[in-house]
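Naming convention: chains lettered A, B, ... in sequence-line order (proteins, then strands); numbering from 1 in each chain.
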Amino acid sequence: MKTCAIHWFRKGLRLHDNPALLAACKAADDVKPVFILDPWFPKNANVGINRWRFLLQTLQNLDDNLKKVNSRLYVVKGKPNEVFPKLFKHWGVSHLTFEEDTEPYAVSRDSEIQKIAKEHNVEVTSCVSHTLFDTQRTISKNGGKAPLTYQRLQTVLSSMGSPPKPVESPTKCQTKTEPDHDKKYGVPSLEELGKSPEDCGPLLFPGGETEALRRMESMIQKKSWICSFEKPKTEPNSLEPSTTVLSPYLKFGCLSPRLFYYKLQEVYSKAKHTSPPVSLHGQLLWREFFYTVAADTANFDKMEGNPVCKQIPWDINEEYLKAWKEVFEEYLLDADWSLNAGNWMWLSASAFFHQYFRVYSPIEFGKKTDKDGNYIRKYVPQLSKFPKAFIYEPWKAPLDIQKKAGCIIGKDYPKAIVNHDQMRKKNIERMANAYNSNKTDGGGEKRKSEASSVQKKKKRKVE
DNA sequence: TTCATGGTTGTTGGC
DNA sequence: CGCCAACAACCATGA
C-alpha cells in the first residue's frame, strides 16, 4: 500500500530537530518535501536582496541535505490555497505535516490549509519546533494570558521543566522523484526571481542548515566566551560581529533553538557561567518572550488596537518617516516579525520598558563602544575624513575642517533632520502626557484619584 | 487593597 | 578615566 505525505517547509528549513518532517517520513513511503514561493509574500513584505539570497541558499542547502537521505525539495510557485488542492490530487496525498508558526499571517493561512486538507481527506500533523516551548502551553500555564515581563516568563517556564529535547534528523526520507525534477521543482536563482545578483553585498553569512550548524559548532568551542557572554556588553557598532550571528539561522529555522539551548547547557554544566537575561540562554529566552506575547496579542506590530502598547500621539511627518521607514524589515537578514515588533515597542517605551526618560543619544551611545567612529567611517564614507572630535557631530565642525574633510554639511551630506536635545525634551513631555492620559482612561472616580495622587507627589517634591 | 521591588544596554556633569 | 547623583517619578508583579 503506497502512501504519500507532504512535508510543508516554511520556517524550520532544516532536517535536524524537525519533528513534523520525521512524522511525514514515518507516515508515508513517498515523502514530498515542499516549499511554496508565495507571490503574496514579496509584494507585501519588504525583503531586501541579501535576505532573498539567504533564503535561496537555504533552500539549495535543504535540497542538498535531502538528497543525502534519498529525497528532494520541491519548490512550487503559487498561493498555498491554490497549490495544495492540485498537489493533493496529483500525488494522491494522505498526510500533510508542517511546523507550527505563531505569526498571525501564518495562523490564518494554516487554518485555511487545514480546512482544505480536511476536504481532501488529508490528515494534518503540526509540531512545535520554532520556539523552545509551545507558546500556547506557556500562555495557558500563565492563566490564559501571555507573561508581560521577562521575569514572569522565567517563573512560568521554570514550572514547565526543561524544553523538549531536539529530535534526530531523518536517516531515510524516501521520495519518488520525476526525471525532470530540477526543471519543474528546482530552487530558482535570483535572476529567475527578477533580482539582480550584482545588487547583493559581500557574502558574509551564507544561508542554510549546514552553515548554521558549522557556525554554532565553531562558536560552542569558545567556552570561556560563551560562559562570560553578557548581551549589554556586546558592541552594536563593532565592525566585526561581537555576538553569535546565529539570529538569521534561527529566524529561518536553519538552526533549532532547542538544539542551541542544549549545546549551551552542555558548556554551562562544566563551568561558572552568566545567567538570563544577559547570557546566551537569556537571549533564547528573550526570543521566547516576544514570540509568546506576539502569539497572544492582537495587532502586535501596530500601536492602534494593540492592548499591550501605550497609545502615544506621535507626529506624522512624511519626511522623517522616509528617512527611517522599512529599513529594519527590509535590510535585516534576521528580520523576525515578533522580535522586531517587540523590540521596537521596548525601545520606544511603548510596552515592556517604561522608563521613557532614558533616551538614547545618537552621539553619546555610539561613542561608548566606538570612540574613533570607525563604524561611521566605513558605512558613511562621506564623513570618513572628519577628525574624531567631530565624527559624531560633523555639523559642529568649523567650515575649514569640513572643507579639509572634503564634506560640507548641508551640501555634500544632509544636515541633521532634528535637534536631538530639543526633540528629546519634547518627546519626554509627550510620553509623560501619554502615560498620564492612559492611566486615567478608566475615567470617573479613578480619573480623580489618579489626578490627585499625581498632585500629591508633585507637592511632596516641592516640599 | 496597598505598597515595595526590580527592571538585559541613558545621559549629563561634577568630583 | 571612573564613579556617582540628578534627571523625574514609569510599569507588572507579588507579597
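Of the residues in residues 256-274 of chain A, none has a non-hydrogen atom less than 4.0 angstrom from any atom of DNA chain C. DNA chain B lies under 4.0 Å from at least one heavy atom of each of the following residues of residues 225-239 of chain A: A:K231, A:P232.
Residue A:V359 is classed as a sugar-phosphate contact, given heavy-atom separations below 4.0 Å to backbone atoms only.
Between the side chains of A:N61 and A:N65, at least one donor N or O lies within less than 3.5 Å of an accepting N or O. Side-chain contact of A:N433 with A:R430: a donor-acceptor pair under 3.5 Å is absent, judged by distance alone. Using modelled atom types and a 3.5 Å distance limit, the side chains of A:E209 and A:H16 yield a donor-acceptor pair. No side-chain donor from either of A:Y356 and A:N427 sits under 3.5 Å from a side-chain acceptor of the other.
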Note to self: For Watson-Crick and G-U wobble pairs within 3.5 Å on both distances, what is DNA chain B written in dot-bracket notation, | included for inter-strand pairing?
What the structure shows: .||||||..||||||
Please tabulate, for the side chains in residues 413-423 of chain A, all donor-acceptor contacts under 3.5 angstrom to protein atoms that are two or more places apart in sequence or on a different chain.
| from | atom 1 | to | atom 2 | distance (Å) |
| --- | --- | --- | --- | --- |
| A:N419 | OD1 | A:D421 | N | 3.0 |
| A:N419 | OD1 | A:Q422 | N | 3.1 |
| A:H420 | NE2 | A:Y360 | O | 3.4 |

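Using a 4.0 Å cut-off between a side-chain N of Lys or Arg and a carboxylate O of Asp or Glu, A:R258 and A:D17 qualify as a salt bridge.
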Check: When you check every protein heavy atom under 4.0 Å of nucleotides 2-7 of chain B, what one-letter string (B, S, -) results, 5' to 3'?
Finding: ----SB
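Pairs passing the side-chain hydrogen bond (donor to acceptor under 3.5 Å, both in side chains) check and including a residue from residues 395-411 of chain A, sequence neighbours excluded, read A:E393-A:K396.
Between B:dT11 and A:R424, no contact under 4.0 Å exists linking OP1 or OP2 to a side-chain N or O.
Comparing C:dA5 with B:dT8, their C1' atoms are spaced 23 Å from each other, to the whole Å.
Between A:H281 and A:Y268, the angle of the ring planes goes over 60°, which puts this pair in the perpendicular group of the 30/60° scheme. A perpendicular orientation is assigned to the rings of A:W8 and A:F98, their planes being inclined by more than 60° (bins at 30° and 60°).
Taking the six-membered ring for Trp and the full ring otherwise, the centers of A:F252 and A:F54 sit less than 6.0 Å from each other.
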